[in-house]
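Accompanying notes for the structure given below.
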Amino acid sequence: MAEFTMEKGADGVAVITWDLPGKSMNVLTLQGIEELEGLTKDALADDSVKGIVITSGKDTFAGGMDLNILAQFKENGAEGVFEGTMRGHKMLRTLELAGMDPKTKKGGKPVAAALPGTALGIGLELPLATHRIFAANNPKAKIGLPEIQVGIFPGMGGTTRLARKLGVMAASPFLLQAKMSSPEAAVKAGIIDEVADDPVAAAKEWVLSATDADLVKPWDAKGYKVPGGAPYHPAGFQTFVGANAMIMGNTWGAFPAPKAMLSAVYEGLMVPFDTALRIEARWFTNVIMNPSSGAMIRSLFLSKEALEKGAVRPEGVPDQRVRKVGVLGAGMMGAGIALVSAQAGIDVVLIDQKQEAADKGKAYTESYLDAGVKKKKTTPEKKDEVLGRITATTDYAALSDADLIIEAVFEDPGIKAEVTKNVEAVIPDDCIFATNTSTLPITDLAKASSRPDQFIGIHFFSPVEKMLLVEIIKGAETGDRAVAKALDYVRQIRKTPIVVNDARFFYANRCIIPYINEGVRMVAEGVEMPLIDNAARLLGFPVGPLQLVDETSIDLGVKIAKATKAAMGDAYDDATDEIMFWMYDEGRLGRKSNAGFYDYDEKGKRAGFSDVVKDRFPASDDQPDLTEVQHRLMMSQVLEAVRALEEGVLEDIREGDVGAILGWGFAPWSGGPFSWLDMLGAAKAVEICDHLTGAYGERFATPKILREMAEKGETFYGRFGPQAAKAA
């Protein structure tokens, strides 16, 4: 079936409608490129056609490009990527020039874009090549270029056109930070031209009245000057100095795409427009051929989307959409869970021991929504609607018709057991009970339940409303319906789920705790604290291990250490206890006490590493090199991910990669721990592990499965990826 169709009206306007069959949102495919190219040429060659309007048959315009196109391009190497990209450029350039005389810039046919809703990626790059962009008056619509978030950049002319249309400084938030705008905000920013109640009608009206001058883009007009100054202009030069500093400040140079995009803009603005498009295509090819882009696309787009659509949902279980959820415990975690649930249209009963505490938990949602109203992200009416879904109470009887319970009380097995028994006495027989815990084994907690098959773990990350990941943990007796219920609920609240089997610390904390501990170990060894945290940032981690300790609080670390020691006995590794317990005793609890590994000012802003810690644990004269520190920080996490797979805690490596990036910010450029190991190669990974084991101990011992893969020349995605699983 056709993706693009054209209807020539009696008024002389040809309306090209984009409507990809079987998709809720249009994405551009190779077939679509061919169809749009052909229809454009037909309309331009038809004397009865006065102009063209491009719109969508859906309530959105487009969500981007079908990323499978890039895989097809890559089959022919860098040349295939470049030629494929240039084909897209040629198609859009034909649309932009619209048959006008190359010298006089006259005689062309006006082309307008009519956007009924969201326009992202190629969904904006295509309109930018038209002569005027109209958008529906739809405040929920998002307009922007999100490519940088998945390791690439707008390579179909969006980078070049937006930089020339707005100037480098004004375009930077949209190109480098993937800023999304409502149609109204996009008009104010100069990205699109008009908001209309009927964008197709408005576009037709404009097309029929457009003059030759209306068709000439600024960069095709004689005497064009870049807004804000070109790179060789003093003002423009300063802009690029600032943009480069901003990129390095935000990414520490770990991500290839931002640097490549800035290079494309810088070089492109010094040459004619068509040459600039070729430069953009070359830098785009450079990024696509970098293994980082493929890994990021796979994890942050393809795998993430698959998990959100139920890739690991048990088969044969009917829809388990949640109608009413009971949230036990109205602290920060419970309040956050109540907020996101109510926002998703779910009725919420928020319970605490005291009415005052329950009311405070509900007030968290009110404060959050008040901030949204102030920023015009929501309305007073919507706020009242969401608040109306939350019942704050102390009465367990209010749970009598709930179909999901999420217990979020203190991390104490005794308290959790008591709550479980009290709640099961009033909830329906088919109600699923989920415990929110970050460390306590689900199988042990399920012993307090009279229906362990309906008992499951749901680990939210704090703050709930901001963190995208939810970790679902199956106990030894957890049934398929409980898993399906948890997955369907996570889909309702628009977060990304991973499902893991029960084990101490599950998956996320199992990997993040060794990362933190390795950083603390190095302080005890005399490694300079700036070297430790900066080594992590240079790897692409949002925060170093020492800063992460301060953010999560030292007292929480001490509490986890004590509980782990009690559970593991002689197997417990106490290497970090001296520092952590000393800091706890000194009242250096991290950011919340304005004292930790870092010092803080009265406003809670970091003021540098603490001299108190430096004096107590002085740096040695002999410092390790950067790579050694980075290998320790990476392998401390990655090896735990491999062991989790080896032991069956992880059942799908996609969940291991997506969970690592979304859960604790594992070097997003790498695509996650398994993608990173595939980039590195199993043989090289074993070599690094063997060195670290000899130098620092058995915690770096090579897992059996990794050594086996090195011997066979295998990769994780080759052996455990979804295609391999299907074949098996």
Side-chain angles (χ1 to χ4, degrees), residues 3-5 15-20 23-29 32-33 35-36 39-40 52-67 69 88-89 91-92 95-96 111-150 152-166 170-171 173-204 206-207 217 301 305 377:
E3 297 173 22
F4 287 88
T5 56
V15 177
I16 297 177
T17 302
W18 188 0
D19 198 349
L20 182 64
K23 293 283 187 179
S24 59
M25 187 178 288
N26 292 321
V27 292
L28 188 63
T29 67
I33 291 175
E35 291 176 355
L36 181 58
L39 292 175
T40 300
I52 303 169
V53 172
I54 301 176
T55 190
S56 167
K58 305 180 188 297
D59 59 4
T60 59
F61 185 67
M65 180 176 285
D66 180 356
L67 292 176
I69 291 179
H89 280 307
M91 181 261 292
L92 293 183
L95 198 68
E96 190 168 47
V111 181
L115 316 180
T118 291
L120 302 175
I122 189 65
L124 179 55
E125 290 184 285
L126 193 162
L128 284 171
T130 67
H131 305 127
R132 196 161 184 84
I133 306 171
F134 297 83
N137 188 12
N138 178 1
K140 291 184 178 180
K142 297 297 181 185
I143 294 174
L145 299 165
E147 288 89 338
I148 204 74
Q149 295 179 333
V150 292
I152 56 178
F153 68 86
M156 203 63 76
T159 296
T160 298
R161 287 188 174 89
L162 201 64
R164 292 190 178 224
K165 185 171 187 176
L166 305 184
F174 305 102
L175 292 174
L176 294 172
Q177 299 171 14
K179 181 181 178 181
M180 298 290 112
S181 300
S182 66
E184 184 179 329
V187 171
K188 290 179 180 178
I191 298 173
I192 66 173
D193 300 295
E194 290 187 37
V195 172
D197 292 331
D198 186 341
V200 173
K204 283 184 176 182
W206 179 85
V207 162
K217 289 296 187 71
F301 185 80
E305 185 179 68
K377 291 184 176 180

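By convention here, the first residue in the shown sequence is residue 1. Every heavy atom of this structure was used, including side-chain atoms; hydrogens, water molecules and symmetry mates were not. All values reported here derive from a predicted model rather than from experimental measurement.
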In the structure I gave you, are the side-chain heavy atoms of [X] and [Y] within less than 4.5 Å of one another anywhere?
{"X": "L92", "Y": "L126", "answer": "yes"}
{"X": "R161", "Y": "E96", "answer": "yes"}
{"X": "F134", "Y": "V53", "answer": "no"}

Should the heavy atoms of other residues, nucleotides or ligands under 6.0 Å from NZ of K179 be counted, would the total exceed 12?
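Atom NZ in K179 is not crowded, with 12 or fewer foreign heavy atoms closer than 6.0 Å.
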Can you name the closest pair of heavy atoms from [X] and [Y] and give their distance?
{"X": "V27", "Y": "D66", "answer": "CB-N, 3.9 Å"}
{"X": "E147", "Y": "P154", "answer": "OE1-CG, 3.6 Å"}
{"X": "A113", "Y": "P127", "answer": "CB-CB, 3.8 Å"}
{"X": "M65", "Y": "I122", "answer": "N-CG2, 3.4 Å"}
{"X": "A135", "Y": "I192", "answer": "CB-CD1, 3.6 Å"}
{"X": "P116", "Y": "A136", "answer": "O-CB, 3.4 Å"}

Do the side chain of K58 and the main chain of L20 share a donor and acceptor less than 3.5 angstrom apart?
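Checked: pair present.
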Tell me if a side-chain donor or acceptor on T40 pairs with a main-chain N or O of L36 at a distance below 3.5 Å.
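The answer is yes, because a donor-acceptor pair under 3.5 Å joins these two groups.
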Out of the candidates T17, T118, N26, only one should pair with S56 under the side-chain hydrogen bond (donor to acceptor under 3.5 Å, both in side chains) rule; please name it.
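Only one of T17, T118, N26 forms a side-chain hydrogen bond (donor to acceptor under 3.5 Å, both in side chains) with S56, namely N26.
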Partner set under salt bridge (charged side-chain N to carboxylate O under 4.0 Å, His left out) for E35, not counting sequence neighbours:
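Not a single residue meets the salt bridge (charged side-chain N to carboxylate O under 4.0 Å, His left out) criterion with E35.
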Criterion side-chain contact (heavy atoms from CB on, under 4.5 Å) on L175 and T159, from CA distance to verdict
CA-CA 7 Å; L175 292 174; T159 296; 4.3 Å; yes
Reported [atom1]-to-[atom2] distance for the pair [X] and [Y], which is rounded to 0.5 angstrom:
{"X": "E194", "Y": "E184", "atom1": "CD", "atom2": "CD", "answer": "13.5 Å"}
{"X": "L128", "Y": "I133", "atom1": "CG", "atom2": "CD1", "answer": "4.5 Å"}
{"X": "M156", "Y": "I69", "atom1": "CE", "atom2": "CD1", "answer": "7.0 Å"}
{"X": "L124", "Y": "L120", "atom1": "CG", "atom2": "CG", "answer": "8.0 Å"}
{"X": "F61", "Y": "T55", "atom1": "CZ", "atom2": "OG1", "answer": "7.0 Å"}
{"X": "I16", "Y": "I54", "atom1": "CD1", "atom2": "CD1", "answer": "5.0 Å"}

Set of ring-ring contact (aromatic ring centres under 6.0 Å, His included) partners for F174, sequence neighbours left out:
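For F174 there are no ring-ring contact (aromatic ring centres under 6.0 Å, His included) partners, ignoring immediate neighbours.
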Quick one: which of D193, I52, V111, V207 gives a side-chain contact (heavy atoms from CB on, under 4.5 Å) with H131?
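Exactly one option meets the side-chain contact (heavy atoms from CB on, under 4.5 Å) with H131, and it is V111.
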